[in-house]
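Report on one structure; see the data block that follows.
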Amino acid sequence: MSQLISETKKAYFAGFLDGDGSIYVQLKPNPTYKYGYQVAPYIVLFQSQKGKSNFEKLCSVIGLGYTRERRDGIMEYIIGRNDEIRKFLAMVKPYVLLKTEQVSLMLQILDAKEKVENLEDFKVLAKLVDRFRELNYSKKRKTRIVTP
C-alpha cells in the first residue's frame with residue numbers, strides 16, 4: 001500500500017467500504033488445522049464489471065489483495081491476508097461511519113488469532129467470530145465447535 005494516500009482518498013475508501021464493501025470472517029471446518037477449524041477473515045469491495053477499468057485503478061491505489069470477476073457481472077476486490085487487512089483497516093478506520101463495529105471486531109479477531117496457544121484461546125476466538133453473525137446480514141452458521 002502506498003504511503004502517499006491522501007486523507008481524502010482514505011475517507012473515500014472508507015465510504016466505499018461502508019456502501020459497497022463487506023467485512024466478514026468465516027470459521028470453516030478444516031481437519032488440517034490444529035483445532036479442526038480455519039479462521040478466514042476478509043474485506044471485499046464490490047463493483048459492476050461495467051466499471052472495471054476505474055475499479056482496477058482504485059484497487060491499484062490501495063495496493064493490497066487482488067481482484068476477481070464473478071460470473072454474475074460483479075467484480076470483487078478481496079483482501080484476505082491478516083497483515084493486509086490490518087493495513088487497510090488502519091487506513092480507513094478514522095473515516096468509517098456505518099461499519100465501525102465490524103472494523104473494531106475484526107481487529108479484535110486478528111489480535112485473538114495471533115494469541116491462540118490452546119483450546120481455550122481458540123474458543124475465545126470462535127466466540128468473537130460468532131459475533132459477526134449479529135453485525136452482518138449473513139446466513140446463520142451451521143457449524144458448531146465440538147469440544148472434546
Side-chain angles (χ1 to χ4, degrees), residues 1-30 33-49 51-52 54-117 119-145:
M1 180 168 49
S2 171
Q3 298 291 332
L4 304 174
I5 296 177
S6 70
E7 295 304 305
T8 302
K9 286 181 183 167
K10 291 176 184 179
Y12 177 84
F13 297 139
F16 202 104
L17 177 65
D18 272 339
D20 288 324
S22 180
I23 302 171
Y24 67 96
V25 60
Q26 296 174 317
L27 190 61
K28 302 180 196 179
N30 187 330
Y33 281 74
K34 185 173 182 177
Y35 301 108
Y37 293 87
Q38 174 185 1
V39 177
Y42 297 96
I43 294 174
V44 184
L45 303 179
F46 303 93
Q47 186 69 48
S48 168
Q49 288 179 20
K52 179 179 178 176
N54 287 331
F55 188 62
E56 288 176 338
K57 286 179 194 174
L58 174 81
C59 297
S60 72
V61 171
I62 297 170
L64 306 168
Y66 60 95
T67 57
R68 117 182 154 92
E69 295 181 32
R70 297 187 338 199
R71 292 182 189 165
D72 62 357
I74 299 296
M75 291 202 58
E76 295 179 331
Y77 179 57
I78 301 166
I79 303 171
R81 290 185 34 198
N82 294 352
D83 60 329
E84 292 184 346
I85 291 170
R86 281 188 189 280
K87 287 176 186 176
F88 183 79
L89 292 180
M91 177 179 70
V92 300
K93 186 178 180 182
Y95 306 103
V96 170
L97 299 175
L98 303 178
K99 294 182 177 157
T100 56
E101 289 181 81
Q102 287 93 332
V103 168
S104 294
L105 183 54
M106 180 60 81
L107 291 170
Q108 289 176 40
I109 287 169
L110 293 175
D111 288 344
K113 189 177 176 190
E114 290 176 359
K115 295 175 183 170
V116 172
E117 293 183 9
L119 182 59
E120 288 307 310
D121 292 343
F122 186 79
K123 287 180 185 179
V124 168
L125 173 60
K127 285 181 183 181
L128 290 172
V129 171
D130 273 346
R131 286 183 44 204
F132 258 94
R133 272 192 315 183
E134 300 161 15
L135 297 178
N136 288 348
Y137 306 110
S138 61
K139 298 175 188 170
K140 289 189 177 184
R141 194 181 74 197
K142 295 177 185 173
T143 304
R144 292 283 176 227
I145 295 177

Can you run down the salt bridge (Lys or Arg N to Asp or Glu O under 4.0 Å) pairs that involve residues 72-82, sequence neighbours left out, and say none if there aren't any?
R68-E76, R70-D72, R70-E76, R81-D83, R81-E84
Between I23, N82, I79, which is the residue that forms a side-chain contact (heavy atoms from CB on, under 4.5 Å) with P41?
N82
Output side-chain donor-acceptor pairs under 3.5 Å for residues 12-21, partner residues at least two apart or in another chain, one line each.
from : atom 1 : to  : atom 2 : distance (Å)
D18  : OD1    : L98 : N      : 3.1
D18  : OD1    : K99 : N      : 3.0
D18  : OD2    : L97 : N      : 2.7
D18  : OD2    : L98 : N      : 3.1

Does L45 form a side chain to side chain contact (heavy atoms under 4.5 Å, CB included) with I62? I'd like the steps, not just the answer.
CA-CA 12 Å; L45 303 179; I62 297 170; 4.2 Å; yes
Could you please spell out the steps behind the side chain to side chain contact (heavy atoms under 4.5 Å, CB included) verdict for L58 and F55?
CA-CA 5 Å; L58 174 81; F55 188 62; 4.2 Å; yes
Shortest non-hydrogen contact from S22 to Y24?
OG-CD2, 3.4 Å
Identify, with sequence neighbours excluded, every residue that meets salt bridge (Lys or Arg N to Asp or Glu O under 4.0 Å) alongside E120.
K123
Apply side chain to side chain contact (heavy atoms under 4.5 Å, CB included) to K115 and list each qualifying residue two or more places apart in sequence or on a separate chain.
none
Only pairs under 3.5 Å count here: list side-chain donor-acceptor contacts from residues 100-110, not counting sequence neighbours, and write none if there are none.
from : atom 1 : to   : atom 2 : distance (Å)
Q102 : NE2    : L135 : O      : 3.3
Q102 : NE2    : N136 : OD1    : 3.0
S104 : OG     : T100 : O      : 3.3

Spacing of CG belonging to L125 relative to CG belonging to L27, to within rounding of 0.5 Å
7.5 Å
The salt bridge (Lys or Arg N to Asp or Glu O under 4.0 Å) partners of D111 (sequence neighbours excluded) come to R86
Within a strict 4.5 Å, meaning less than it, do heavy atoms of the K28 and Y33 side chains meet?
no
